Visitor: 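Okay, here's the structure, questions in a sec.
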There are 2 protein chains.
Amino acid sequence: MGCVTTIYEVAERAGVSPATVSRVFNGSPVSAEKTRHVRKAAADLNFVPNRTARTLRRKNSEMIALILPDIENPYFTSMARGVEDVAQAAGYSLVLCNTDDDPGKESQYLDIAASEHMAGVVLAPVARHADEQLLELPGRPLISVDRTTGLPVDAVMMDNFAAGKDAVTALYQGGYRRIACITGPDDVETAVERARGWKSVVDRRQMFADPGAFTRFSTFRVDGGRTAMASLLESPSPPDAVVAANNVMSIGALQVLAEAGMRPPHFGVATIGDLPFTTISPKSVTVVHLPARHMGVTAAQLLIERIQGDPQPVRTVVLRHETRPAAYPHPAGA
Amino acid sequence: MGCVTTIYEVAERAGVSPATVSRVFNGSPVSAEKTRHVRKAAADLNFVPNRTARTLRRKNSEMIALILPDIENPYFTSMARGVEDVAQAAGYSLVLCNTDDDPGKESQYLDIAASEHMAGVVLAPVARHADEQLLELPGRPLISVDRTTGLPVDAVMMDNFAAGKDAVTALYQGGYRRIACITGPDDVETAVERARGWKSVVDRRQMFADPGAFTRFSTFRVDGGRTAMASLLESPSPPDAVVAANNVMSIGALQVLAEAGMRPPHFGVATIGDLPFTTISPKSVTVVHLPARHMGVTAAQLLIERIQGDPQPVRTVVLRHETRPAAYPHPAGA
DNA sequence: CTTGTTTATGAAATCGATTTCGTGAATACT
DNA sequence: AGTATTCACGAAATCGATTTCATAAACAAG
């Protein structure tokens with residue numbers, strides 16, 4: 001129904017021109033009487049303006065796109081909620097797109113955002129850009145979150161290097177001395193940076209002769225965590241603790257540890273990113289809490305400022321994580 | 001860039017009419033030579049067709065909307081993946097909208113879907129419809145998933161009543177005799193049906209004099225599960241097992257149980273919906289596995305058939321769940 | 001009282017791609 | 001050979017809202 005009534009029919013019924021109907025709906029000055037007639041007619045006909053036509057004319061829609069690598073990861077859905085809340089409040093509706101870390105899908109969605117004239121884009125970029133120019137393509141504001149683009153666009157980030165350092169440091173202070181690292185694909189910036197943070201501390205403490213032997217690159221999935229953890233446990237002289245570079249890898253690692261009969265704090269675990277939907281004792285694992293939701297909020301705010309014409313130079317906002325060390329230190333020996 | 005080149009500029013550069021350019025991009029017959037010229041010109045100018053204009057003219061876009069009550073719930077994101085995979089394969093892009101179980105947001109997104117001329121909608125309807133007519137509004141195919149609408153639209157469902165029965169039955173067979181039920185809001189269909197399934201078994205077995213005293217309605221969130229479980233544990237004669245009516249409520253219940261020092265199988269737990277990202281022993285809890293992803297796949301398939309003009313009468317597809325009883329029966333006594 | 005300025009409003013252009021319609025050329029059929 | 005049919009393709013209408021432009025009325029200033 002709503003999609004068949006046009007401004008012309010409303011105009012005719014109200015005895016005015018289509019232009020006047022448009023004006024009523026856009027706040028341009030129209031006499032009180034005609035306004036009344038138009039509103040009445042619109043209500044009678046159950047008129048809903050055709051957004052496609054409006055967008056075509058205005059070259060600008062009220063949608064913003066949020067392009068994420070993995071909507072099944074609670075880290076990103078939490079971010080999405082942050083973006084959504086701000087967007088909604090500002091009168092924009094959010095459309096969520098999942099790239100699966102596939103540059104092809106990412107560029108497809110960027111194309112769509114542009115050719116649908118979306119007001120702006122919040123993008124968590126995939127590992128490698130198929131085509132750097134893509135980021136120019138939208139021609140409208142774009143904010144990157146979580147990962148950098150290498151291009152001069154606004155960004156909302158966290159300090160992945162520091163997060164890696166903090167995670168391993170907390171374990172060290174808990175008494176662990178052989179702290180391995182499992183992280184994501186070696187072409188994903190967050191994975192690499194967190195591992196670098198880990199390595200910097202491990203090197204300084206001279207924890208291993210060959211730190212590389214205690215690093216595992218895998219996928220940022222539960223399975224990735226499982227594989228990496230299993231591989232570590234099989235090594236000739238296994239570690240006594242592990243830093244997992246993301247929330248769901250930690251889950252995988254904890255699963256494998258549980259299956260091997262090694263629960264924290266017997267085996268130390270630090271997770272970068274909160275454990276989603278966890279039932280384990282909250283203090284048995286060191287958690288580097290990441291401000292996912294807040295990153296979303298901030299990104300959305302920056303984006304909306306840009307949409308409204310904020311002329312500031314390109315900004316990068318770095319949000320702080322918070323380290324919550326496990327309460328139970330490493331049991332002697334282990 | 002891409003969004004400023006028009007079909008007219010391409011036409012001029014290729015020495016043909018705009019109509020011919022359009023034909024080239026839509027597979028209408030055009031001579032080989034002109035086709036070549038057009039493609040060359042389009043490539044040179046980095047031409048991307050303006051989807052807004054196309055949609056306006058065609059009254060039909062290549063986007064499908066998926067409207068969900070809670071994208072932070074892995075049950076729904078899993079469903080979303082199912083929808084997305086099918087949609088992508090069929091050349092549609094998916095936009096995901098989160099209603100937060102708010103009828104206002106739901107109707108807003110339905111309006112948008114209609115006025116953006118989206119090709120179709122997959123909707124997990126909120127508890128109570130603000131306005132039943134809304135479902136007429138799109139004027140384009142709509143499939144409901146997970147919950148019914150009470151309206152004659154295609155639906156992909158599961159048997160919630162049976163799921164409730166199966167959960168409690170598995171616990172009974174595991175040796176538990178006082179099996180309580182925690183479920184979602186009493187205006188959410190899935191919550192009510194699952195609780196009814198539970199009650200039917202509890203009644204038949206004459207488990208409680210007053211089953212109502214062992215039922216808790218709460219939110220379909222982790223907190224809801226916590227509250228409900230805590231309340232049950234405080235009751236004068238507590239249960240020895242519980243059926244939790246959704247995945248995240250189960251998490252809340254398990255958290256409270258763990259804090260009270262009661263882990264399964266000491267206290268029996270059955271969850272309707274897989275435990276997301278769990279680290280607990282996989283066999284300690286009875287899981288009624290729900291085909292979330294498959295529901296998404298099926299819904300998307302039905303939708304695409306409808307979009308392509310499938311004239312079948314309204315269908316309801318009910319997908320089967322699978323009960324996976326805990327391996328360890330109830331320890332004697334408890 | 002005239003000239004200058006707002007102000008409300010309708011007619012018409014516009015956004016960019018699609019599609020109908022019509023024409024001339026090419027091919028098929030009797 | 002002559003008529004019928006198909007075919008490629010350009011001109012122009014179309015989708016529906018917005019916006020520019022022009023106009024007439026209302027109002028202010030001199």
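Residue numbering restarts at 1 for every chain, and letters A, B, ... go by the order of the sequence lines. In this text, all values refer to a predicted model and were calculated from it rather than measured experimentally.
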Visitor: I need the CG-P distance between B:N60 and C:dT19, as an integer number of Å.
Guide: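 The answer, rounded to whole Å, is 10 Å.
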
Visitor: So what does A:V21 hit on the nucleic acid, given a heavy-atom distance under 4.0 Å: a base, only sugar-phosphate, or nothing?
Guide: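 No contact.
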
Visitor: Roughly, in whole Å, what's the span from CD1 in B:I7 to P in D:dT14?
Guide: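 These atoms are roughly 19 Å apart.
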
Visitor: Can you tell if the side chain of A:D70 reaches within under 4.5 Å of the side chain of A:V248, non-hydrogen atoms only?
Guide: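 Counting from C-beta outward, A:D70 and A:V248 never come under 4.5 Å.
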
Visitor: Between B:K59 and C:dT18, is there a side-chain N or O to OP1/OP2 distance below 4.0 Å?
Guide: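 For B:K59, the contact criterion (side-chain N or O under 4.0 Å from OP1 or OP2 of C:dT18) is not met.
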
Visitor: More than 12 heavy atoms of other residues, nucleotides or ligands under 6.0 Å from CD of A:E12: is that the case?
Guide: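 Count not over threshold, so no.
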
Visitor: Counting any heavy atom closer than 4.0 Å, what does A:V30 reach on the DNA or RNA strands: base, sugar-phosphate only, or nothing?
Guide: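 Sugar-phosphate only.
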
Visitor: Grab the NE2-P distance between A:H37 and C:dT9 for me, whole Å please.
Guide: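 Checked: the NE2 to P distance equals 12 Å.
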
Visitor: Round to the nearest Å and state the distance from A:F25 atom CZ to D:dT19 atom P.
Guide: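 In whole Å, D:dT19 P lies 15 Å from A:F25 CZ.
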
Visitor: Do any N or O atoms of the protein come closer than 3.5 Å to N or O atoms of nucleotides 20-22 of chain C, and which pairs are they?
Guide:
residue: C:dT20; atom: O4; partner: B:R23; partner atom: NH2; Å: 3.1

Visitor: Please classify the nucleic acid contact of A:T6 as base, sugar-phosphate, or nothing, using heavy-atom distances under 4.0 Å.
Guide: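 Here A:T6 touches the backbone only, sparing every base.
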
Visitor: Run the salt-bridge test on B:E62 and B:R54 with the 4.0 Å N-O cut-off and return the result as yes or no.
Guide: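 Salt bridge present between B:E62 and B:R54.
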
Visitor: Mind calculating the distance between CD (A:E9) and P (D:dC15) to the nearest angstrom?
Guide: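 After rounding, the gap between these two atoms is 11 Å.
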
Visitor: Touch check for B:Y8, heavy atoms < 4.0 angstrom, all strands: base, sugar-phosphate only, or nothing?
Guide: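 Here B:Y8 touches the bases of the nucleic acid.
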
